[in-house]
Amino acid sequence: MKFVEPIRDRKKISQIKNVLREQSRYRDLLLFVVGINTALQISDLLKLQANQLIDEDGRIKNRFWIKEQKRGKRHEIAVNQNIQEALAEYLDAYPFILKDTQSYLFFNPRTNVHIKRGQAWKFITTICQEVGLRGNYGTHRFRKTWGCHARMQGVDLALIMYKLNHNSVAYTKRYLGITDDELQAIAQRLNL
């Protein structure tokens, strides 16, 4: 398995969102935005249903709970402003979702079931290439992007580890591509 890189450049993140909006790909836009803002595993992300993010009155929720498929842990997920905006655009494009809130958010229009991991991988690969990103692509790119940006904003590695459901800070460092040399260089620069 090849190492998958996060999207480190915020301009590339904005560019991806803009390309998806220009192409009226609101399902993919929502997948991208929810993926990079929640750090959910792809298996959990693809099975999100409308009723998890939208209440009975059709309003977007501020948070929702999910039981992680891989480890069975329960998580509260905040619905930030970026998710709310992408979800509003999505609901404008697919208003029928409000009639059947049991519907999967990331549905295949031909089968009306959730898209599969392979379809998500193809979407990620295609959009990353369209905006000129290099490197290896994969479904972990969403989670790694969240972790990378959390780290760049100064979030403690232990909190990132907890959010990603990792068992150790060492694993989280490896997952995010943090090397001991990089940490040593930071320590040298601080020189408090």
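- Distance check, rounded to the nearest 0.5 Å: CG of Asn136 to CZ of Arg141 gives 8.5 Å.
- If you take OG1 on Thr145 and CD on Glu5, they are separated by 9.5 Å, rounding to the nearest 0.5 Å.
- A single hydrophobic cluster is not seen to contain both Trp121 and Val33; linkage of ILVMFWY side chains at heavy-atom distances under 4.5 Å, directly or through other members, places them apart.
- Legend: residues meeting salt bridge (Lys or Arg N to Asp or Glu O under 4.0 Å) with Asp57, ordered by chain and number and at least two apart, are Arg59.
- With values rounded to the nearest 0.5 angstrom, Gln52 atom CD is found 5.5 Å from Ile66 atom CD1.
- Across Tyr26 and Ala93, no two heavy atoms sit closer than the pair CD1-CB, 3.5 Å.
- Between the side chain of Gln49 and the main chain of Gln102, a donor-acceptor pair closer than 3.5 Å is present.
- Closest approach of Gly58 and Leu98 over heavy atoms only: CA-CD2, 4.0 Å.
- At least one donor-acceptor pair closer than 3.5 Å links the side chain of Lys163 to the backbone N or O of Thr38.
- Hydrophobic clustering, with ILVMFWY side chains joined whenever heavy atoms are under 4.5 angstrom apart, keeps Leu31 apart from Val113.
- Lys17 forms no cation-pi arrangement with Phe32, by the criterion of a distance under 6.0 Å to the ring centre and an angle within 45° of the ring axis.
- Counting all heavy atoms, side chain and backbone alike, Ile124 lies closest to Gly138 at CD1-O, 3.6 Å.
- Using a 4.5 Å cut-off on side-chain heavy atoms (C-beta onward), Ile83 and Leu53 make contact.
- Proximity of Ile54 to Leu91: side-chain heavy atoms (C-beta onward) are separated by under 4.5 Å at one or more points.
- With sequence neighbours left out, Glu76 forms a salt bridge (Lys or Arg N to Asp or Glu O under 4.0 Å) with Arg63.
- Looking at residues two or more places apart in sequence or on another chain, you find no salt bridge (Lys or Arg N to Asp or Glu O under 4.0 Å) involving Arg117.
- Counting non-hydrogen atoms of neighbouring residues, nucleotides and ligands closer than 6.0 angstrom, the NZ atom of Lys61 exceeds 12 such neighbours.
- Between Arg134 and Gln129 there is no side-chain heavy-atom pair separated by less than 4.5 Å.
- Applying the ring-ring contact (aromatic ring centres under 6.0 Å, His included) rule to Tyr162 yields no partners; only residues at least two apart in sequence or on another chain are considered.
- Put simply, the side chain of Gln84 gets close to the backbone of Val79: a donor and an acceptor are under 3.5 Å apart.
- Proximity of a side-chain donor or acceptor of Asp44 to a complementary backbone N or O of Gln69 within less than 3.5 Å is detected.
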Checklist entry - Could you go step by step and tell me if Phe96 and Phe107 meet the ring-ring contact (aromatic ring centres under 6.0 Å, His included) rule? => result CA-CA 12 Å; Phe96 60 87; Phe107 64 93; 5.7 Å; yes
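- In this structure, the separation between CZ on Phe106 and CG on Leu45 is 5.0 Å, given to the nearest 0.5 Å.
- Within the 4.5 Å cutoff, side-chain heavy atoms of Phe64 are placed close to those of Leu48.
- Residues Arg27 and Ile115 form a side-chain contact, since some pair of their non-hydrogen atoms from C-beta on lies under 4.5 Å apart.
- Atom CG of Leu176 sits about 7.0 Å away from atom CZ of Arg151, to the nearest 0.5 Å.
- Residue Ile77 holds its CD1 atom at 14.0 Å from CG of Asn62, rounded to the nearest 0.5 Å.
- Annotation: ring-ring contact (aromatic ring centres under 6.0 Å, His included) contacts of Tyr90 (sequence neighbours excluded): Tyr94.
- Considering all non-hydrogen atoms of both residues, Ala50 and Ile97 come closest at CB-CG2, 3.4 Å.
- Counting only heavy atoms from C-beta outward, the side chains of Leu133 and Ile16 approach each other to under 4.5 Å.
- Here the side chain of Lys47 pairs no donor or acceptor atom with the backbone of His114 at under 3.5 angstrom.
- Applying side chain to side chain contact (heavy atoms under 4.5 Å, CB included) to His149 and the options Ile36, Asn37, Ile13 leaves one that passes, Ile13.
- With sequence neighbours left out, the side chain to side chain donor-acceptor pair (under 3.5 Å) criterion links Gln23 to Arg25, Glu130.
- Using a 4.5 Å heavy-atom cutoff, the side chains of Trp146 and Leu164 are in contact.
- Linking ILVMFWY side-chain heavy atoms closer than 4.5 Å, directly or via other members, places Ile160 and Met152 in two distinct hydrophobic clusters.
- Under the 4.5 Å side-chain criterion, counting only non-hydrogen atoms from C-beta, Gln81 is in contact with Glu85.
- Nearest heavy-atom pair across Gln119 and Lys116 is OE1-N, 2.8 Å.
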